[in-house]
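Working notes, beginning with the structure itself.
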Amino acid sequence: MKSLRELIEEAVTEALVAVVGPEGAEIDPLVRPTPDPQFGDYQSNVAMGLAKRLRRKPAEIAADLVAALHLDAVCEPPEIAGPGFINFRIRPAYLSEVLGRLQADPRVGVPLAEQPERTIVDFSSPNLAKEMHVGHLRSTIIGDAIARVLEFQGQDVLRLNHVGDWGTQFGMLIQHVRETQPDVLQHPERFRIDDLESFYREAKQRFDNDPAFADAARRAVVDLQSGEEVANRLWQTFCAESLRHAHEIYDRLDIRLIDRGESFYNPMLPEVVEEFLARGLAVEAEGAVCIFLEGFKNREGGPLPVIIRKSDGGYNYDTTDLAGIKHRVQVEQARRIIYVTDIRQRQHFDMVFAAARAIGWVPEGTKLEHVGFGMVLGPDRRPFKTREGGTIKLKELLDEAEARAAGVVEAQDERRRELSPEQKAEIARAVGLGAVKYFDLSHNLASDYVFDWETMLALDGNTAPYMLYAYARIRSIGRRAGVDLDALPSDVPLIIEHPSEVALAKELVQFPTVIQQVAVDLRPHLLTEYLYGLSRAFSTFYDRERGVRVIDAEPEGVRLSRLRLAEMTARVLKLGLGLLGINVVEQM
RNA sequence: GCCCUCGUAGCUCAGUGGAUAGAGCGCGGGUCUCCGGAACCCGAAGCGAAGGUUCGAUUCCUUUCGAGGGCACCA
C-alpha cells in the first residue's frame, strides 16, 4: 500500500505533466510534511522553484497545479499559501478508511518483502580474550534492532557475530597460561571467564614490559597457526568459555547471534592475497603486501594502503574482512551486508569496501554498509569507566539497570500495592533492560552519549519507562472498560472526528513509513522518535480536556471506535518496541 | 599536517533546502471536581562565527573557532 506522501507525490507529478508537459514527470514534486498543522499535513514546494524556469509567478503555477490535481478522495481541496506553497490536508474519512484496513492486520500495514533480500548484519563482535564490557553495548543493541526491523520486513537475515577469536592477544594468553597455569590444561572445565579476564590483564602487562615474554607470545601465535596441540587446546578452551559467557549476556538481552569468528576465514586468507596480487591490484611495499586505493592518504600525505599481508607474513583484519566480504557475497549470497561498529572504524571499512569493489567481488546492486556509532561516555564526558578507571562489565551494568529499575517500580507500586513480587521482578527486568536499550537507540547514531541512569529511568520524557507505562496504561483501559482489546471485531467502523482522534489516526497510519525508513537508513532512533510521538498523541487523545471520553463514551459505536484506536496504539507500541528488542509488560 | 564525525534552549537530546527550529528535565505562571495526570495550557531561553550558492540556508559549499576520533603492518 502506498503511503500518504507517495499518493500526493504521484498526484503532484501527474499535475506537473499536465501543466508543464511530459518533462514534468522528471521534476521532484517536493512533497514534505508541513512544519505546522495550520498548513495541513503535507505541502508541495515545487511551484517556487519552477517560477524562474517558467517565467511566471509561483502562485499562478501553484493555482494551475491545484486545478490539475486529482486527490479528492484523499485530501480536502488543496490550498495555496505564502509565496506558492500548496498545502494538503488529509480527509478524516480517508484516514478512517485506511485505519479500517489496518485494524485487522497484525503487521499494521507493514508490507512483507515480496523478494526477501539476503542480508547479513554483522554486530556485537566482542574480543574473546576479554569479558564483555560496555564497549560492546552499542553494537549489540543497535545491530539487534536493525536485524529485527529487517526480519520483520521479511528479509532473509543472517546475524553474524564476528568475534575476535584470533591474533596476538591469544598468543599472549596462551603463553602466559602455559607458563603459569598448568592446571588449566589438565582441567579446562574449571576455567571461567573471570580467570580469563585476570589472565589477560597479567599477560598484557608482561607483554608490554618483558621483551622475552613478548617474543614468546609471538611464537605462541605461530604455534597456534601451525596447529600445535597445546596452544590449540588452550585456544579452544578460551573461546568456548568466552562464547558461553557472551551468550549468557545475549540470552538475557533476548538476542540471537550466530558465532562466526575471525578464525573461520583463516583458510581463505592466502588466496585473498594471491588474488589481489594476480590481478595486479596489490603490490609489495616495505615487505608487506599492500593495496593502494585512490583517495586514501596517510599522515604525511602519501598513499595509505590496505595491508593484506604483513611484512612478517601474517594477516590482519584487513585481510580477514576482505575474505569475509568475498565469502559473504559468493557463498552466503548476501545482497546487503551491514557492519555495526563504532564510528572510528569508518575509514577501515571505506577502504575495505573500496578494495572489494575494485577486485570485482561485489556485484552491482549489492550493498556494503557501515553503521557507525559514537561512544558511551561517563559523567565526566570521558569514555565510560568505573570510578577506579576500569572497564565496566556488561553483566554488572545490566545488574545495576535491573536493580535501579526495581526501585522505580517499587515507587510506582506504592500508590496501588497490587503487584506480586514476581510481577515486580518481571517489570523491573523489562524496565531496566528496556531503559538501557531505549536510551542507546534513541540517540542519533553518530553522536556520543553520556550514560545517565537518572535520565534513562525517568518516567517522563522519551524513555523506556515512559513508553512501557504508556503501553501498560492503554492495556488497563481495556480491563477497566470490561473489554478484551484483543477480541474486538476486526471491522469496527472507525469514527475519526475529534481533533485528537484525527491526530492519533495520522500517527498510526505513519507506522509502515517509519519502518521502511529505518530499514533503508538504518537509523533506529527514527523509530523511538515515532513511538514517542505516538504516545504523546494518545496522551492528548485520552486527556480529559483536550481529548475525548473513551471507556464511558457514547453511543456504543463511538466507544468501540475509540477502544479500537487505543488497541491499535498499544499494538503499534508493542510491535515497535519489540523491533527495538524491548519487551512490554501488561502492568506497571 | 590530512581526513572523518560533531557543535541546536541552563542541562539531555531531536530536526528540515522552504512559511513561526521542536521535545524532556529544570525555571516562571495558569487550568481541569482528575476514564491510573505517561495531565494539560501559557511563558522565558537556542542553530559556535563569517562569507558564498539559492526566490528561500540551521540544512548545501568555503573559510574560521571549538570538541572527539582516524591516519602502514593492533582490531
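Keep in mind that what you see is a predicted model, and the values were worked out from it rather than measured. Chain naming here is simple, since letters A, B, ... match the order of the sequence lines and numbering starts at 1 in each.
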Flag this pair as yes if the NZ/CZ of A:Arg536 is under 6.0 angstrom from the six-membered ring centre of A:Tyr532 and inside a 45 degree cone about the axis; otherwise no.
yes
Distance check, C1' atoms only: B:A57 and B:A50, in whole angstrom units. 14 Å
Scanning all shown strands, the Watson-Crick or wobble mate of B:G17 with both distances under 3.5 Å is none
May I have the step-by-step check of ring pair (Phe, Tyr, Trp, His ring centres under 6.0 Å) for A:Tyr339 and A:His162, ending in yes or no?
CA-CA 10 Å; A:Tyr339 294 83; A:His162 188 76; 7.8 Å; no
Closest of B:G36, B:C13, B:G1 to the A:Arg473 side chain is B:G36
inquiry  = Under a 3.5 Å cutoff, is there a donor and acceptor pairing between the side chains of A:His136 and A:Ser124?
reply    = no
Whole-Å distance, A:Lys57 NZ to B:C55 C1', equals 14 Å
Checking B:A14, B:U20, B:A38 against the side chain of A:Ala470 (C-beta onward), the nearest is B:A38
Considering every strand and a 4.0 Å limit on heavy-atom distances, what is the contact class for A:Ala285: base, sugar-phosphate, or nothing?
nothing
Separation of B:C71 atom P from A:Lys297 atom NZ, nearest Å, is 17 Å
Between B:C60 and B:U53, how far apart are the C1' atoms? Round to whole Å, please. 8 Å
The nucleotide from B:U54, B:A19, B:C35 with an atom nearest the side chain of A:Phe39 is B:A19
* To do: With C1' as the reference atom in both, quote the distance from B:G46 to B:C27 in angstrom, rounded to an integer.
  => 16 Å
Please determine if A:Asp380 and A:Lys385 form a salt bridge, counting it only when a charged side-chain N lies under 4.0 Å from a carboxylate O. no
pair_partner(B:C35), Watson-Crick or wobble, both distances < 3.5 Å, evaluates to none
Below the 4.0 Å mark, does B:G15 have OP1 or OP2 next to a side-chain nitrogen or oxygen of A:Asn444? yes
A:His348 NE2 to B:C71 P, in whole Å, measures 11 Å
Query - Phosphate OP1/OP2 of B:G24 contacted by A:Arg536 side-chain N/O (<4.0 Å) - result: yes
Taken to the nearest whole Å, CG/A:Asp165 to P/B:A75 is 12 Å
Output, in order, the C-alpha distance, side-chain angles, deciding distance and verdict of salt bridge (charged side-chain N to carboxylate O under 4.0 Å, His left out) for A:Glu501 and A:Arg562.
-> CA-CA 8 Å; A:Glu501 290 174 314; A:Arg562 290 176 183 166; 2.9 Å; yes
Could you give the distance separating B:U5 and B:A23 at their P atoms, to the nearest angstrom?
30 Å
Rounded to the nearest 0.5 angstrom, the OH-CZ distance for A:Tyr449 and A:Arg138 is 5.0 Å
Quick note, A:Gln43 side chain, CB onward, closest among B:G15, B:A19, B:A38 is B:A19
B:C71 -> Watson-Crick or G-U wobble partner, both distances under 3.5 Å, gives B:G1
Margin query: Applying a 4.0 Å non-hydrogen cut-off, can you work out what A:Asn87 is touching in the nucleic acid: base, sugar-phosphate, or nothing?
Written below: base
Between CG of A:Asp448 and P of B:C4 the distance, given in whole Å, is 18 Å
The reported gap from CD in A:Gln345 to OG in A:Ser139 (rounded to nearest 0.5 angstrom) is 9.0 Å
Checklist line | Same-atom distance (P) from B:C2 to B:U63, integer angstrom | finding: 10 Å
Under the 5.5 Å and 30° test, is A:Phe85 stacked on the base of B:A19?
yes
Taken to the nearest whole Å, CG/A:Leu293 to P/B:C2 is 22 Å
Establish, with yes or no, whether the OP1 or OP2 oxygen of B:A38 is under 4.0 angstrom from a side-chain nitrogen or oxygen of A:Tyr469. yes
Separation of B:G68 atom P from A:Leu377 atom CG, nearest Å, is 11 Å
Which of B:C13, B:G70, B:G36 is nearest the side chain of A:Arg344? It is B:G70
B:C40 -> Watson-Crick or G-U wobble partner, both distances under 3.5 Å, gives B:G30
A:Arg299 has its side chain closest, among B:A72, B:G36, B:A19, to B:A72
*C1'-based separation of B:A45 from B:A21 [nearest Å]*: 13 Å
**Message:** Just to be sure I understand the rule, does A:Met467 reach a base, reach only the sugar-phosphate, or reach nothing, if contact means heavy atoms closer than 4.0 Å?
**Reply:** nothing
Report task. Have a look at A:Val163 and say if it touches a base, only the backbone sugar-phosphate, or nothing, with a 4.0 Å heavy-atom cut-off. Result -> nothing
- Would you say A:Ser447 reaches B:A14's phosphate, i.e. side-chain N/O to OP1/OP2 under 4.0 Å? yes
In Watson-Crick or G-U wobble terms, with both distances under 3.5 Å, the base opposite B:G7 is B:C65
task: Using the P atom on both, measure B:A9 against B:C47 and round to a whole Å.
output: 8 Å
Which part of the nucleic acid does A:Gly84 contact within heavy-atom distance under 4.0 Å: base, sugar-phosphate only, or nothing? nothing
Does A:Asp41 come within less than 4.0 Å of A:Lys506, counting only side-chain N to carboxylate O?
-> yes
Distance check: side-chain N/O of A:Arg381 vs OP1/OP2 of B:G7, anything under 4.0 Å?
no
In whole angstroms, the gap separating P of B:A38 from OH of A:Tyr466 amounts to 9 Å
Query raised in the report: Does A:Asp215 pair with A:Arg219 as a salt bridge, N-O distance under 4.0 Å?
Result: no
Checking B:A23, B:C71, B:A75 against the side chain of A:Gln345 (C-beta onward), the nearest is B:A75
As its Watson-Crick or G-U partner within any shown strand, both distances under 3.5 Å, B:U59 has none
Considering only the C1' atoms, how many Å lie between B:C34 and B:A44, rounded to the nearest integer? 29 Å
Result for 5'-nearest mapping on RNA chain B, choosing between A:Tyr532 and A:Asp312, is A:Tyr532
The nucleotide from B:G15, B:U54, B:C40 with an atom nearest the side chain of A:His525 is B:G15
Assign each of A:Pro83 and A:Ala288 the nucleotide of RNA chain B bearing its closest heavy atom; nearer the 5' end lies the nucleotide of A:Pro83
Checking B:C41, B:C55, B:G36 against the side chain of A:Met48 (C-beta onward), the nearest is B:C55
* Is A:Gln587 touching bases, backbone alone, or none of the nucleic acid, heavy atoms closer than 4.0 Å? -> nothing
Would you please determine if the base of B:C35 is stacked by A:Tyr542, with stacking meaning a centroid separation under 5.5 angstrom and planes under 30 degrees? yes
From the candidates B:C55, B:C40, B:C74, the one with an atom nearest any side-chain atom of A:Thr168 is B:C74
Residue pair A:Arg56, A:Asp64: steps toward the salt bridge (charged side-chain N to carboxylate O under 4.0 Å, His left out) verdict:
CA-CA 11 Å; A:Arg56 298 179 58 198; A:Asp64 285 358; 2.8 Å; yes
Q: Mind checking A:Asn45 for me? I need base, sugar-phosphate or nothing, with any heavy atom below 4.0 Å counting as a touch.
A: base
- Message: Does B:C40 have its OP1 or OP2 closer than 4.0 Å to a side-chain nitrogen or oxygen of A:Ser539?
- Response: yes
